[in-house]
Amino acid sequence: QAQTIKIGINAELTGDIPKVGEGTKFAAQMWLEDVKAAGGLAVGGKKYPVELVIEDNESKAESAVKAATKMITEDGVLVMVGPQASKQAVPAGGIANNYKTPMITPWSTNPDTTKDRPFVFRACFLDPFQGPVLANFITQEFKFTKAAVLYDVASDYPKGLAEFFKKAWEGLHGPGSVVAYESFTTKDTDFSSQLTKINNSGAQVLFTPQYYNEVALIVQQAHQLGWKKPIVGSDSWGSAETVSLCGKDCYGLFFSTHYAAAGATGATKAFIDRYQKKHGYVPDDVAALTWDAMLLVQKAIEDTGGLTGDLKKDRENVRSAMGRITKFKGITGEMTFSGGGDPSKCAVIVRISDKGQFEFYKSACP
Amino acid sequence: MTSPFLQVRNMSHDFGGLRAVRDYNLEIGSGQIRGLIGPNGAGKTTVFNLITGIYKPGHGEIFLDGRKIDGLPPHRIASLGVSRTFQNLLLWRHMTVIEHVKLAHYSKIRYGLFAAFIGTPGHNREEAEIEEKAVRLLDMMGIRHLADQVVLNLPYGAQRRVEMARALATEPRILLLDEPTAGMNPEELVQIMEIIRRAHKELGLAILLIEHRMKVVMELCERIQTLDFGAVIAEGTPEEIQNNPRVIDAYLGKERAI
Amino acid sequence: MGGERGNGANSERGRSRFRNLWKPYSRVPLLGWFFGALVAVTLERLAGTPLAQFLGLQKIPVLFGFSVMLKNPVLIPNVILYTLIIYGVPTAVATRLCIPLANGIAASLFRFPMAVTAAAHLALLYAILHVWAEISDYRVLVLRLTLIAVMLTLSLNVINGYMGEFSCSHPGFMALGAYCASVLTIGLFVNAQLLGTASLPAALGPFLFPVALILGGLVASFGALFVAIPSFRTRGDYLAIISLAFLFIVKSLIENLEFVRGPRGLSGQPDWADLPTVFLWTVLCVWSINNFVRSTIGKALNAVRDNEMAADAMTVDTRRTKMVAFLFGAFWAGVAGGLFAHVMRYVNPGNFGIQNLAEVLAMVYFGGLNSVYGSIVGAVSISLLGEALRPLEIFKWIIIPLLLILVMIFRPTGLIAFRDLDVANLLKPKPKPDGEG
Amino acid sequence: MSRPAFVESAGIEPMVIFLQNLVNALQWGSFYALIALGYSMVYSILMLFNFAHGDIFMVGSYIGFGVSMGLIALASSGVVALPNWLILVLTILFSMFLTSFVGMIVERVGYRPLRDAPRASAAITGLMIGIILETGNLALLGARRVSFPSLIETTTYNVSGVFVTNKKIMIVLVSLLLALALHQFVRRTKWGMAMRAMAFDFAVVPLMGVPLNTMAALTFALGSALAAAAGILFGVAYPVLDPYMGIVFGWKAFVAAILGGRGSVMGATLAGFLLGFTEIFVAMIFPSTLRDLIAYSIILLILAIRPHGFFGEPYSARLRL
Amino acid sequence: MLLSVENLRVSYDNIKALHGVSFQIDEGEIVCIIGANGAGKSTTLRAISRLIPVEAGTKMTFMGRDLLQYPPDKVVSELGISHVPEGRRLFDNLTVMENLRLATFARRDGRAIGKDLDRVSSIFPRLSERKNQKAGTLSGGEQQMLAVGRAFMSGRKIMLLDEPSMGLAPLLMMSVFDSLGEINREGTTILIVEQNARMALQFAGRGYVLENGRLVLEGGSEKLLVNPQVKKAYLGG
Ligand SMILES: Nc1ncnc2c1ncn2[C@@H]1O[C@H](COP(=O)(O)OP(=O)(O)OP(=O)(O)O)[C@@H](O)[C@H]1O
Ligand SMILES: Nc1ncnc2c1ncn2[C@@H]1O[C@H](COP(=O)(O)OP(=O)(O)OP(=O)(O)O)[C@@H](O)[C@H]1O
Ligand SMILES: [Mg+2]
Ligand SMILES: [Mg+2]
């Protein structure tokens, strides 16, 4: 009987963003099912049973740190997946790195999460990549020169992306070409004042790197205030709920993301179908990224070529195996870790079809 | 007697349209006991509130020992030596009896904040002194056995005594008593009168007393002022007041109840 | 009144046997309990792991086995057995055996000044915590955060409990302290994006860390002026929203300060807030707050709470009192914030929001108003409960609130309210049993 | 840095922009007003910080969601013909009714046992009940957000450059109407009088022949019904519901209710509007990143100048805490 | 017999305040209870108006009905027992008029209410002068008038008065007692608790003496007024 491999899942099950935690948990459990069906993880010719140690970090930094410490020092996890949001992932990453335990965050885009931390990885692309991708796309596609941005100042993901977009856009069209740069605060539901400003700024396009629930409100309110021009978003739009909450208002809009659910093929489609069948809705990007993160973990473990039984050494081995992964075909794109913890991967531009599906439109690679 | 110890000159005060006190004058020498009577709503309590700084007088001036005190905040006035009790018992519900008395020493505390944080020996010594003084005062009021009780649960009579003890603990030179015997039975009334007398004699206090119980006023006070509608309608010795027709009309009534 | 025995002889006998068993323990001074606890934690250190494995637990159950029991109910008897063998029995026996010794030592300690006696007890307490926590880093972390929670709760109790205002700005004070201390330590000692290269050698750091914390506390105190000054003119509900507005202002301000990296937060604080440091600061905090609230100046807080007008008329300078309460409370909140930042080694404005506020408020009111004991109990029990019930995931956030509601219903001012912490009384030897000849 | 939009507006008159924002502010303010109204009902009557109010608002809006889905299903099954506006009206009425029971339960469980307790303790129970409602919802319905059915078609009117929707008009009208009705109720009726009396000293209220428990339950019922109304209107205007949506509104209502002055329904309404106006206009004039900073500084300033809110009475020494 | 109290026992958190007090009051009587501070007088009144719970063994009937079956608000509205509580307990945030109106909360006889209001303002003209002033800003004596007036408005079968003379100026005190006498002649029974024993006994027909939670004496007023024990303890020598 081989020893059990424990994988820690540090997820936001309660608190501000329970939806994120739920997606994480579901995806991880689906992965576990697969592993169990296969009779365990085959490493170096041996099959190891796998166990998930799921902890709720309550969307709080200190709780995430406690959970990380607990699963690393108490439960003895080999790898930790999560936390998702940077607010939790940055401090938890510090813990993982201190204890020399590999951690992979599927969703955190803050550069600090992985910076100077050899043991911390992520499965998503970073803001400095996505911002220019979108700026280029809009420029080429619409030939616009004036853009407006609306983002949440209190949340690091939208804020970071907004900044990189602005920088890229102004690099393309000169200073002042972002004619309105407006913000709001997390949990706001009324954006009329900002949208009125944007409406009157002469912008040709509105970029809003917000989460799906806000997207619905922003788009609807923009239309109610007479905005008829395109609205473009980022990977955070990539949830089935975007369309179910937003309805017709969102049809025809573009956003960049990791994968396109509609028209997806192969593994991506299989994952989506399976998830939808099980949980009743199309998985969002968090779930998809978590799925990829789990597979990355699996691959890294398998790549070690065998476990020694000494947790410390195994963790070290898994880390170096993960750092060597190249051209990993995830459902959210192809990933390569070249030394650092950040993958280089491609983005896709998705268009929301007139049936409300996410259609592949274009692909953009670094 | 030299110049008056507490002097109020031409004081008036309005509440909205209501003139609660009009052109009020008062002079008390140190060590005198004065009475202030008058029908309900005449403005007696308001006079107290004005002297102690709880309200700022609309007109007029107040001097303590020749120093102008109107406009000072209440705690400054109190630490200059004007202390009082309240008609409707304003005690600190959750504090014990002895804490009431100790706290009234506040203005006399010499140790600084920092000493309180660290608990320096100087601080401890001074706290012990304060405690001792407080216990002595409780003894005098006959409530030492209640020292560690929370006032909330005390009977009314005891609460009145706590108020008085607290007022004395500020080491005043003049004490303003607002109906100190309300709600007391005749036996307790006699005790309170005794306490007032002792405070007056032993501590050399000047006292200004509001009362509706004539027995108390007439026996204790040297001179009495009668207020009606905010204005003084009569002033004099107890006999003079008792026989003053205006006072009888407005306040005492023909057949006097004691 | 011995001799009389009613009808329910059986249960009566049981009770009296229990009383007899308990009786010797009424003579145990605090020191004795400390001895007992030290024996238990040492035992765990020496024999915990083998015993746990023997009982079928993989490791030493880290927080008294709650999470093990919740995850795997089959193991409940094992965990209980473990707890009894490691903690229950040894503490009971050791404590019982050392009664005369402990009383003797306590009595001789009592001949020294209070500070010495207290220091000796604290040293022992630290030893216990240290040995207990050393088993696992998780314990250390939980302990450090719990101690910080104690500081926060206590400092909020100064304002909300002792002075009776409903202040909502505590996370704001904490944020000010956290950011100020972090900016100093990161800026001066860490090569970071903040102020370029480190300007002071890292070796100096641990010595200057207290300075950074104190500065953080002072900045928090300064922020508290914005709440304290309006409190001169208004109270209660109105002050509550002034303080709430202050909280939002601080949060929004930090979000807008690019200098501290806005919503991305500051990371990379040096790892100086280790267990002894946090313990020491907590002791300082408890000590100074306890001294203050027991002194006559401190009692002025209660008077302002119960009746401000009467306080004013009784020579109490109410403005000064309010000012002191806010600044002092904020100071300790700021220090706690600084420590928090260095335990987490990351701060983010999102850490200091409404959720955080709800948590400290819960700790204060659960533990008990106007009571140092209460704050300690409240902070410790809610922090530990939060950890212990982790396996329940979502349902944890139904159970804990329910528990709090129950406590509020049966003890509306909290578990241990209006109780003074009298150090001398707590530490004194108890040579003679009460009521025995 | 973003400059005020109207400076460089592409040929659009500042007046139009101002009017547009006025319309925006009216709608947003009327939300705050409506929620503050229900809050101030409980707050100014029972002198409780009802921290559960925001979550009752959330529950009300979920109940509204359930009821409207039910009614839509009923209508589409063809059993009865229900036009959409009727569905909306029925939804509001039903949900107000149902939510008032939630309020009464909250009162029974969380507040009645604490009537003699310090007010702050009751505030904590409120906070805890709120958490239970949020988490309960999360456990029951899962983490997904729901989209409130669009019962009335949005019609956008363009009045010479100012965009107004029929929903906005409806919301403003309904909230003004409810505010007025409630004000009359509290000021003029004997129930209102009894409620105000309870605010001051509930212990002797029974001596006036007023049934204390009934009154308290009634107060909560009314407050919760108002919260439900607000919740549904919210769902109509901002059709994304999630279990935590009540938190922000709860706190904002808390601010508005107190800013208006203790015991003043009109004050709460006014303060609600003021809050909405501040947020909208601050964002119009200043860079919107500074919105919260400036908006809350304004509130702080208002209270520093008027320490007892708009219509509040000065702090009285006899008020129990 | 209007009110009968048998074996009334009350305690506050383990402190026994009343140890089995029994007495009876007939329709139309004026009865007073005297006793020292903390004897339990106010507690007795509170128990009758059901403001505080009583212990097992207590029996109280009013007009033959079991008082313990009624919640406090019904005691007022259905049985007509009104209570002027110790310390007045007015609603400071309501105006004088609102305080009076509130007392008629459960009354349905609109016309009679108007008449009673007139009656109150004729007894206490000061109240009608101040009818729109907030009760909290009245002077002590004015508040006392309002408290009595309020009780007059709420229930008329029996009035329980807890130290109505406290803080009243002598002249006014007499007029309050005169009015109470008048109210009594109109058919309202009165149970009065007083520290000012002489005054109370002169006013009442019968009296009870309460000491430490027990009734120790009872009898007609004349008899009590000359009782040496009473004289010594309660009449000031
Ligand atoms: N804050 C206030 N606002 C308005 N009116 C007030 C206020 N305080 C007192 N008054 C009024 O001023 C008058 C004088 O009140 P004051 O309390 O001084 O009377 P008093 O002589 O002490 O009467 P009593 O013997 O009944 O206590 C009263 O008519 C009272 O209603
Ligand atoms: N709320 C309370 N909590 C605890 N004990 C109380 C409470 N109210 C009264 N008591 C106690 O009950 C006893 C009887 O009190 P009660 O108020 O009935 O006395 P009383 O005869 O009315 O006295 P007084 O003349 O002072 O009004 C006293 O010992 C008192 O301390
Ligand atoms: Mg007076
Ligand atoms: Mg009494």
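The analysis underlying the following values was restricted to heavy atoms, covering all of them including side chains, and did not include hydrogens, waters or symmetry mates. Each chain gets a letter, A, B and so on, in the order the sequences are listed, and its residues count up from 1.
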Original post:
With side chains defined as the heavy atoms from C-beta onward, is the minimum distance between D:Met193 and E:Leu94 less than 4.5 Å?
Top reply: yes

Original post:
What are the two closest heavy atoms between D:Val204 and E:Pro85, and how far apart are they?
Top reply: CG1-CG, 4.2 Å

Original post:
In terms of heavy-atom proximity below 4.5 Å to chain D, should E:Arg150 be classed as side chain, backbone, both, or neither?
Top reply: side chain

Subject >> Heavy atoms from other residues, nucleotides or ligands near NZ of D:Lys190 exceed 12 (cutoff 6.0 Å) >> reply: yes

Subject >> Non-neighbouring partners of E:Ser42 that pass side-chain hydrogen bond (donor to acceptor under 3.5 Å, both in side chains), sequence neighbours left out >> reply: E:Glu86, E:Asp162

**OP:** Run the numbers on D:Arg196 and E:Glu98 for side-chain contact (heavy atoms from CB on, under 4.5 Å), then give the verdict.
**Re:** CA-CA 10 Å; D:Arg196 280 185 290 143; E:Glu98 284 175 330; 2.9 Å; yes

Original post:
Quick one: CE on D:Met208 to CZ on E:Arg107, what's the gap to the nearest 0.5 Å?
Top reply: 12.5 Å

Subject >> Between E:Val84, E:Thr104, E:Val75, E:Leu102, the one whose heavy-atom pairs under 4.5 Å with chain D are most numerous >> reply: E:Leu102

Original post:
What heavy-atom pair brings D:Pro211 and E:Phe105 nearest, and what distance separates the two atoms?
Top reply: CD-CE2, 3.8 Å

**OP:** Begin with the C-alpha distance, continue with both residues' side-chain angles, and end with the deciding distance and a verdict on side-chain contact (heavy atoms from CB on, under 4.5 Å) for E:Ser82 and D:Leu207.
**Re:** CA-CA 7 Å; E:Ser82 64; D:Leu207 291 184; over 6 Å; no

**OP:** Answer yes or no: does atom CZ of E:Arg119 have more than 12 heavy-atom neighbours from other residues, nucleotides or ligands under 6.0 Å?
**Re:** yes

Original post:
Shortest non-hydrogen contact from E:Phe91 to D:Ala197?
Top reply: CD2-O, 3.4 Å

**OP:** Kindly give the heavy-atom pair with the smallest separation between E:Pro72 and D:Pro206, and that separation in Å.
**Re:** CB-CB, 3.6 Å

